[in-house]
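Bear in mind the structure is a predicted one, so any value in this text is a computation, not a measurement. Numbering of residues begins at 1 and proceeds along the displayed sequence.
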Amino acid sequence: MPNSSTFTVSIQPERSALLAGHAQTVHALVRIQAPAAPAANQQRQPLNLALVIDRSGSMSGAPLREARRCVQMILRSLQPADSVAVLSFDTEITVNIPHQVVGTSGAALCHSVENIHSGGGTALYDG
């Protein structure tokens, strides 16, 4: 029986055979199956997360909206005992959500992320 934290990977090439001695490109479908989620009644250790968002000018529009949406999805999935911090950066670093225990403030945390807007260049190493 596989380990409960094991990912399953399968690769299905578009062709079953190749011509020997010739350079060729083969497209393949790669499937990655995450392990099953733990049972709802199963206890887990509290998480301690720091989420970092690139808000530089190149992230303007759809990319930043998607980054905010993903962070909000993570925030909504956290349990009250989990801890989280959210930072964003362009040419400067901003602490949007200081490190804190989630508690009952999930909705307020999501709202804080909504106020992240694109800015200037990228201070990649600071991020």
Side-chain angles (χ1 to χ4, degrees):
M1 177 171 201
N3 181 328
S4 64
S5 63
T6 301
F7 284 81
T8 303
V9 178
S10 67
I11 303 171
Q12 180 180 355
E14 70 179 342
R15 291 183 273 175
S16 60
L18 299 174
L19 186 58
H22 296 350
Q24 298 164 68
T25 300
V26 176
H27 295 103
L29 173 63
V30 178
R31 288 189 175 112
I32 302 172
Q33 176 68 46
N41 61 355
Q42 184 179 357
Q43 289 289 335
R44 65 163 173 78
Q45 291 294 314
L47 299 175
N48 188 359
L49 298 175
L51 305 170
V52 182
I53 299 174
D54 177 355
R55 64 162 192 246
S56 63
S58 65
M59 291 292 289
S60 181
L64 185 55
R65 279 194 303 276
E66 182 65 9
R68 285 193 311 248
R69 186 189 71 77
C70 290
V71 167
Q72 289 170 330
M73 184 177 75
I74 292 168
L75 292 173
R76 281 191 294 276
S77 70
L78 294 177
Q79 295 180 1
D82 295 332
S83 298
V84 68
V86 177
L87 298 91
S88 61
F89 68 96
D90 54 6
T91 54
E92 297 180 359
I93 305 297
T94 300
V95 178
N96 302 95
I97 299 173
H99 184 259
Q100 61 187 275
V101 174
V102 172
T104 59
S105 60
L109 296 176
C110 286
H111 181 69
S112 297
V113 171
E114 195 58 43
N115 296 321
I116 298 173
H117 301 286
S118 62
T122 305
L124 184 61
Y125 296 104
D126 292 339

Gap separating the CG atom of L64 from the CZ atom of R69, nearest 0.5 angstrom: 13.0 Å
Distance-only polar pair, side chains of T94 and R55, donor-acceptor under 3.5 Å: yes
I32 and T8, any side-chain heavy atoms less than 4.5 Å apart: no
Distance-only side-chain donor-acceptor flag, N96 / S88, under 3.5 Å: yes
Joint hydrophobic cluster, V95 plus I53, side-chain heavy atoms closer than 4.5 Å: no
I93 side chain reached by V52 side chain, heavy atoms, under 4.5 Å: no
From CG (D54) to CE (M59), nearest 0.5 Å: 5.0 Å
Enclosure of R15 CZ (heavy-atom neighbours >12, cutoff 6.0 Å): yes
Pairwise distance NE2(H111) to OG(S105) - rounded to 0.5 angstrom: 13.0 Å
Validation row: R44, Q79 side chains within 4.5 angstrom (heavy atoms): yes
Distance in Å, I74 CD1 paired with L51 CG, rounded so as to fall on 0.5 Å steps: 5.0 Å
Close side-chain approach of S83 to Q100, heavy-atom, < 4.5 Å: no
Connected via hydrophobic side-chain network under 4.5 Å: V86 and F89: no
